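What follows is a single structure, written as structure tokens, with notes after it.
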Amino acid sequence: MYEQVSHALLNDILDELSNEICRQDLRHFFTRLGANFYAIHSLFFHLYGHREDFKAQMVHLTERLARAYIDRPDVLKQIDMAREEDHNWFLGQQWVGMALYSDGFAGNLQGLKERLPYLQELGINMVHVMPILQCPRGASDGGYAISDFRNIDPRAGTVDDIRALADSMRRRDMLLTLDVVVNHTSNEHEWARRAQEGDHDYQNFYYCFPNRDVPDMFEATMPEIFPETAPGNFTWDESMGKWVMTVFNHYQWDLNYANPAVFIEMVDIILFWANQGADIVRLDAVAFLWKKIGTSCQNEREAHLILQLMKDCCQVVAPGVLFIAEAIVAPSEIIKYFGEDAVIAKECEIAYNATFMALLWDAVATKNAKLLNQGIKSLPNKLDRATWLNYLRCHDDIGLGFDDADIRACDYDPYSHRRFLVDWYTGAFAGSPARGRPFGVNLKTGDARIAGALASLAGLEAALEDNDEQAISEVVDLILMLHAMIMSFGGIPLIWYGDEIGTLNDNSFLEDSHKASDARWIHRPRIDWSRAERRHLNGTVERRIFEGIKRMISVRKDTPAFADFNNRELVDVENPHLFVFLRTHPSLAANSVLVVANFDTKPQYLDLETLNRRGLFRYGQITCLASGDSPAIFNNRVVVPPYHFYWLSNQRPGALFEDSFGAIPRRSLS
Ligand code: GLC
Ligand code: GLC
């Protein structure tokens with residue numbers, strides 16, 4: 001794309017770059033800058049073009065990008081080039097992730113490096129290390145209140161430790177994911193301190209107001225994120241004598257992206273961590289990046305433009321680095337964080353599939369897949385070169401962000417259905433074995449979310465206490481079936497640390513005054529390595545879960561139909577307890593896989609005859625890839641035991657080119 005205005009500006013900027021920058025070998029940088037400059041300029045102009053210093057800011061940005069490129073280690077530049085050649089590399093089925101707190105998992109970053117073999121034993125090759133940047137000693141929202149974006153918190157280690165970890169992971173073909181908290185800083189960050197000292201330039205990094213006039217306007221339409229512990233969206237700062245916007249906790253100050261200096265700093269920080277060896281950067285709370293009076297201040301168009309601009313800048317310096325969007329918002333909004341177009345308006349390559357996560361928990365509580373089917377049916381197809389992070393649990397709560405229209409389509413009332421789910425998972429509903437806690441209860445709106453460890457929500461804690469072997473066994477099946485869903489849905493499965501050995505709730509947070517009021521700590525465990533050792537003992541819960549997940553991971557890696565090229569077809573079956581979808585192999589229809597899951601506590605059956613008639617799945621000798629067994633079939637009906645799943649294939653070993661599935665659309669890999 002050649003556009004005169006932006007190109008003329010680029011010429012000027014190149015003239016202004018310092019000699020020191022120009023002496024470097026910047027060939028690849030300049031090709032990428034040329035290719036992206038029209039987009040960078042238009043976006044930057046859209047956001048900041050009204051300012052007198054627009055051109056100076058543009059020069060400043062370009063200079064920062066050039067410096068970041070100069071600092072990028074050669075080994076990472078080579079990886080960038082390899083990934084440019086193989087640009088769909090992250091859509092393959094071989095990637096399986098785990099998210100973990102380095103302290104809870106292994107003490108610190110060095111400990112984590114020593115534990116990499118454990119992760120490899122399970123088959124993990126992507127690790128999201130939860131926030132490790134410097135943050136205040138007391139409450140810091142689990143590391144999401146950052147006081148220094150360029151230093152590792154001494155409790156976790158040093159920048160050298162992260163480089164050593166990245167090196168070690170690279171040698172093991174593992175990907176490193178790090179957080180950059182783009183939406184806010186801690187009130188102890190230097191920018192906030194300078195603002196508190198009265199520096200107007202830094203007050204401009206945040207949203208500061210002398211009185212309640214503007215805050216009251218904002219509050220009229222802004223929801224509360226932590227209504228119990230941090231009601232409202234503004235905090236009075238005594239030293240500044242101003243109200244400052246704090247959407248999350250009162251000590252997390254929202255950054256003002258209407259100020260280009262904030263944008264430039266943040267891009268520089270993203271590139272700094274990319275240069276320390278992060279393969280993937282998780283951008284926290286991206287839905288909140290733009291604030292506008294009269295709106296919910298989430299999912300604003302400018303938030304998307306900022307992300308597009310961040311992506312374009314990152315593509316110039318470190319094109320091999322991917323972004324994860326953490327946008328836990330309505331299903332129709334989440335999908336927009338991939339961008340408007342895979343090439344010219346790209347945002348994040350990866351996004352949390354919060355919709356699928358919450359729908360799976362709905363199916364567990366209701367023992368049927370009605371809403372799950374409905375919700376997935378409403379989920380639009382993604383862009384090309386975009387993929388989901390499919391997860392069951394993470395460090396956060398479970399929000400019941402389904403689409404109300406989908407809930408109604410299943411003949412439930414949205415309010416009472418959500419109420420039922422909260423009651424179910426907090427154990428308030430008679431007969432529920434779940435042991436979660438309510439989180440984010442808002443008495444004004446009636447909203448509530450759920451905290452709790454996967455195993456405890458699924459009923460393992462209750463079954464173990466009752467010493468009920470049959471219940472234990474059922475819950476283990478359920479836990480494995482849920483993992484089978486995130487392994488086969490399409491996207492990168494992300495396991496929450498501890499879930500691979502059935503870790504239960506940890507109530508010790510109640511004794512720590514900085515954590516007690518935030519129930520999410522109940523599911524941020526400290527791994528008990530003696531329990532983890534029990535994965536080697538026959539018959540233990542730890543072994544059944546660990547080995548079950550390990551086997552699924554290894555089968556997933558060998559199953560090309562599980563790569564993510566939007567090659568999934570939801571299959572409507574008459575049985576509401578079953579969730580069924582077909583993963584079509586991109587080029588070999590015969591290698592497609594039919595995924596079947598029974599959310600009921602009773603056996604159910606799947607009618608193969610109807611599938612066959614619709615040309616969906618031609619059966620012959622069918623086997624489950626996960627177990628290697630053939631399921632019981634009677635009168636063309638496959639029996640699906642309670643909490644059981646199948647990955648059905650009718651491919652005979654060696655029959656690679658036989659198209660036995662009938663008319664399945666073939667999609668190309670490009
Ligand atoms: C994200 C994080 C969450 C944190 C919030 C504020 O949603 O996942 O843990 O509380 O951002 O940083
Ligand atoms: C916000 C919170 C996070 C929560 C999400 C959905 O992003 O930070 O904790 O999971 O909203 O409720």
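Below, all heavy atoms of this structure are taken into account, side chains as well, without hydrogens, waters or symmetry copies. Numbering of ligands and ligand atoms starts at 1, following listing order. Keep in mind the model is a prediction, meaning the values are calculated, not measured. Nothing fancy with the numbering, it's 1 onward along the sequence.
- Listed by number with element, the atoms of ligand 1 under 4.0 angstrom from any heavy atom of His184 are 6 (C), 12 (O).
- Contacts between Arg282 and ligand 1, counted as non-hydrogen atom pairs separated by less than 4.0 Å, involve the side chain only.
- Near Glu326, meaning under 4.0 Å from any of its heavy atoms, are these atoms of ligand 1: 1 (C), 7 (O), 8 (O).
- A salt bridge links Glu190 with Arg194: at least one charged nitrogen is closer than 4.0 Å to a carboxylate oxygen.
- Each of the following atoms of ligand 1 lies closer than 4.0 Å to a heavy atom of Arg520: 3 (C), 4 (C), 9 (O), 10 (O).
- Close approach of ligand 1 to Gln252 is summarised as follows: ligand atoms under 4.0 Å from at least one heavy atom of the residue are 6 (C), 12 (O).
- Looking at His395 next to ligand 1, an N or O pair under 3.5 Å apart turns up.
- Residue Asp396 approaches ligand 1 through these ligand atoms, each under 4.0 Å from one of its heavy atoms: 2 (C), 3 (C), 7 (O), 8 (O), 9 (O).
- Between Tyr207 and Phe209, the two ring planes are parallel [angle under 30°; tilted spans 30° to 60°].
- The distance between the ring centers of Phe105 and Trp529 falls below 6.0 angstrom.
- Of all the atoms in ligand 1, the ones that sit under 4.0 Å from a non-hydrogen atom of Phe226 are 10 (O).
- Residues Glu347 and Lys336 are not paired through a salt bridge, judged by the lack of any N-O separation under 4.0 Å between the basic side chain and the carboxylate.
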Would Phe248 and Phe288 satisfy ring pair (Phe, Tyr, Trp, His ring centres under 6.0 Å), going step by step from the backbone distance to the final call?
CA-CA 10 Å; Phe248 292 91; Phe288 297 83; 4.8 Å; yes
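- Between Phe234 and Phe218, the ring planes are tilted. Angles from 30° to 60° get that label.
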